[in-house]
Asker: 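The structure that follows is given in the form of C-alpha cells.
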Amino acid sequence: MALTAVLRLPARALLRPWALLRGVALGRTEAAAGIRNGARRFGSQHVLVEPAAAAGVAVMKLRNPPVNSLSLELLTELVISLEKLENDKVFRGVILTSDCPSVFSSGLDLRELCGRNPARYAEFWKAVQEMWLRFYLSNLVLVAAINGACPAGGCLLSLTCDYRVLADNPKYLMGLNETLLGIVAPFWFKDSIMNTIGHRATEQALQLGSLLPPAEALQVGMVDQVVPEDQLLSTALSVMAKWLAVPDHARQLTKSMIRQATADRLLKQRDADIQNFVSFISKDAIQKSLQTYLEKLKQKKG
Amino acid sequence: MALTAVLRLPARALLRPWALLRGVALGRTEAAAGIRNGARRFGSQHVLVEPAAAAGVAVMKLRNPPVNSLSLELLTELVISLEKLENDKVFRGVILTSDCPSVFSSGLDLRELCGRNPARYAEFWKAVQEMWLRFYLSNLVLVAAINGACPAGGCLLSLTCDYRVLADNPKYLMGLNETLLGIVAPFWFKDSIMNTIGHRATEQALQLGSLLPPAEALQVGMVDQVVPEDQLLSTALSVMAKWLAVPDHARQLTKSMIRQATADRLLKQRDADIQNFVSFISKDAIQKSLQTYLEKLKQKKG
Amino acid sequence: MALTAVLRLPARALLRPWALLRGVALGRTEAAAGIRNGARRFGSQHVLVEPAAAAGVAVMKLRNPPVNSLSLELLTELVISLEKLENDKVFRGVILTSDCPSVFSSGLDLRELCGRNPARYAEFWKAVQEMWLRFYLSNLVLVAAINGACPAGGCLLSLTCDYRVLADNPKYLMGLNETLLGIVAPFWFKDSIMNTIGHRATEQALQLGSLLPPAEALQVGMVDQVVPEDQLLSTALSVMAKWLAVPDHARQLTKSMIRQATADRLLKQRDADIQNFVSFISKDAIQKSLQTYLEKLKQKKG
C-alpha cells in the first residue's frame, strides 16, 4: 500500500526542480520529505542522485551499506528516484552504480524474506515487481556501471538496463544464483536473463545458479563490456553518449516495442505472482533454510 | 489496389517461358507488359532477372538508380518477379543482388513517405508488407549477395533471405537504422532481425539504429559470410548449391514451420499495421523531419 | 496401447530396489519381467542401467546393435528405465551414453516407418513423443556422453539432456538431418534445437539437415563440450557433480519453469501431431523414398 500511495504522488515530488539538486541526496530536500508522511529520511537514505559531467545524464548510486541489500525501503526509493528523473525534462539517461565498495547489490534483502507476516511479504514482493517494471520499461537510457559483486536481485536490477559495463575484478561475480539458496527465481527474472543471454545459456545459468567472473559474464553476454575499474564511469559515459545520439522518441518507441511483451507477462498475472511468492516464502522448509543462511552470514560478520 | 490486382494474374504473366528470358529484363516482354494496363515499362523497369550459370538458379538484380530506393514500383516488381520464378518449375533458387554500384538498396523510398495522401501511404505500406511476406515465406532458396550499402528497408529485404553473403568493403554498412531518422521500425522488421541476431543484439542494434561494417555485421550474425567483392557471386553460387542439395519439399516444409509463426503475426493485424503506419507518417513532426532530411540529401547531390 | 499399459505400472517395477541392480540389465530382473506379459526380455534388452562411480548417479547405456535404432521397443524401455530412476530416491542424475561402438544412436528405426499399418505408426509416434516429453522434463539431471554418431532422433534424444559432452572424433557427426531423407522434423524437434542453438542457426541446420563434426557442433552450441574420447565419461561425471551441487528442489522447479512451455506445445496437440505423422508417413512418395533408402542400407551391409 505504501508503495502505491507513494507512486501516485510524482507531481508533488517534482515541485523542486532537479537542476537544483546537484550532489544532494534526494530525501534531504523538502520535496522528497513531502512524499511520505513522517518519513523525512525517505527518498534519500539509500539512493544518491547526482548530475553527471555530461549534459542530460544523472548518476544514481545505491547506498545501503554494507552490501546494498534491496530492502523494501531501497526498492521504493529506487522507483521514486527513477520516476523523478523521468519526469524531469533535463535528464535523458541514468548511470546506475553503487556507493558501497566491492558490491553493486547483494540482491533482495534476506531480512525481508524471513519471519515476516504474509501482508508484509506481499508488500515487499509488489515493490520488487514495481522496481523491475519501472526500470525495465523506463523511457530513459539506463546504463549499469557495475562496480562490485552483482548476484541475484542485484543482477536482475542490472538486467533491466539498456547496457551493462562491469569493472574487471575477479571478485565481482555476477548471476542469478537463487537455486543455490534453495530459492527459485520467478519467471520474470528468467525472462530478463533469457532476453539477455538466450535460452540455452539461461538453462545452465539459472539451474546452476552460476555466479560468473567478468570474463565469463562477458562471454555469455550477461554484460556488454568489461573494463578496468578506473575506467568504469568514463566508459559508461561514452556508451551513454552513443545512446543519447539517437532521437529520444524513436528510441523509446523501439525499446517499448521490444520489451513491452515481456513486461506484460508479469502485468497480466501480477497478483498471482505475489500469491505464489508469499505461499512459497512462507513454507517452513524455506524459512528454515533462509534463517540458517542468515545466521551463517551474521556469524561471518561477527 | 494495383498491387492486389497484379498479384491475381500470375498465370498470364507466365505464358512466356522463363527459359527464354536469358538476360532480358522482365517488363520488356509482352507477357510482362500484359500484367498491368498501360504500364508497358512495368515489371522490367527496376528488376532484372537472369538465369545464373548454375541450373535452376536465377539472379535477381535491383535496378533503381542511383540507390535502389524501394519505391512502390520497385516493391511491386520485386514481388511479381519472385512470384514468376516461384511458378516456374525451372527455378529452385534466387540470388538477390544489386545492379547499382556501391548500394544494395538504400531502403524505403523517402519520396513515398513525404507529402502524399493517406490512401497512397496505405497502398505503399501494403506493398512493403507484401514484399516482406512473399520473400520471407518464399518456397525458393533466397541467397542475398550484398554488393553495397544495405540500410533500413534494404537490410529488411536481405533479412528475408535464407543466407546473406556480404562483400568486404568498409563502406558497405548494414543495419536497421530507422531510429536515426526519427522513425520506428515496425514490429515485423524487429521480428526479422531478432530471428537473425537474437533478442539482446536486437535491443542494441534497433535502438541505436546501428549501421555495421562487414566485420561487425558478421560477428553479430546479421550476415552469414563476408568475402572479397570479386568472390561475392561465386560464393553465393556455392552456398546455393549446398541448399539445393536438399530435397525441395522437405526444405520448404521445414522453412515454413520455422517462419510461418513470424509471418502470421503480421498477417493477423495487417490492416492495423497499415493504419498505424499511415497515422504515424502523416504526423506533422515526422513529415517535417523527413522533408528536412530529403532536402539535405538533394543538396548533397547538387 | 502397450506403452500406456506399461507406463501405469511403475510401482510394481520398483519393488526391487535399484541399489541391488549394479551392473545388471533391467529386464533380467523379475520386477522388470512383470511389467509386460510374455515379454521376459523386455525392459532389459536394449537399455543397460548401472550405478556410476559417483553417488546418486546412474549410467544409462543404449544397447540396440548395431546402431541403436530407436525402435518402439527401445523407446519404451528408455522411458521405463528413466521413470524407475526418477522414482528411486537413490538417484539424482543420469549419464546417457551408448553401448554400441561409434554410434550414439542412428535415430528413429526406419523399419518402424516402412510398410506398417496406421495403428502401428500411431503407436510408434506416441512412443517417440513420450520419450521426448519424459526426458525433456525429467526431474533428474541428464548428461549426454555422446560417444558416436548422433543424427536425427539420436540428436533429439541428446537435446533433451541438461548438458551434452561429445567425444572428439571427426566421424561423430551430429544434427537433425531429416530433410536429407525427404522427411520433415516435427515442430517439437525444431523447438528442441531452437532452444539449444537459437533461431538463426536452427533455420540453417534444420533446412540443410546439417550433420556437424565436433568442432562445428561445439561452435554452434549443439554440444556444450568436446573432449578426447577417453575422457568422455570422466568429464560427464565432473559436469554431473557440478549440477548435483545445486539443491534438487530449486533446480527442478527452475528446469520446469524454463522447459514446460515448450513441452506444453506438444501436449496441447499431441493427437493432432500423431495424425499428422501417420498421414505423412503413409504417403506413397514417402514410403517409396524410405524403402529405397532402406534397400541401400541393406546392400551396404551385405
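Per chain, numbering begins at 1; letters A, B, ... match sequence-line order. Note that the coordinates shown come from a computational prediction; the quantities given were computed from them, not determined experimentally.
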Asker: Is any residue of residues 158-172 of chain C within less than 4.5 Å of chain B by heavy atoms, and which ones?
Answerer: none

Asker: Would a 4.5 Å heavy-atom cut-off, applied to side chains only, mark R259(B) and E203(C) as touching?
Answerer: yes

Asker: Return the NE2 to CD1 distance between H249(B) and I286(C), rounded to the nearest 0.5 Å.
Answerer: 6.0 Å

Asker: Answer yes or no: does atom CG of N117(C) have more than 12 heavy-atom neighbours from other residues, nucleotides or ligands under 6.0 Å?
Answerer: yes

Asker: Measure E178(C) against the heavy atoms of chain B and call it side chain, backbone, both or neither at under 4.5 Å.
Answerer: neither

Asker: Contact part of L208(C) toward chain B, heavy-atom cut-off under 4.5 Å: side chain, backbone, both or neither?
Answerer: both

Asker: With a 4.5 angstrom heavy-atom cut-off, could you sort out which part of S289(C) is near chain B: side chain, backbone, both or neither?
Answerer: neither

Asker: How long is the straight-line distance from CD of Q260(B) back to CZ of F187(C), given to the nearest 0.5 Å?
Answerer: 15.0 Å

Asker: Do you know which of T196(B), I197(B), D248(B), T254(B) has the most heavy-atom pairs with chain C at a distance under 4.5 angstrom?
Answerer: T254(B)

Asker: Where is the tightest heavy-atom contact between I258(B) and K190(C), given as atom of each residue plus distance?
Answerer: CG1-CG, 4.0 Å

Asker: Please round to the nearest 0.5 Å and tell me the distance separating atom NZ of K242(B) and atom CD of Q207(C).
Answerer: 12.0 Å

Asker: Can you tell me if CD on Q219(C) sees more than 12 non-hydrogen neighbours from other groups inside 6.0 Å?
Answerer: no

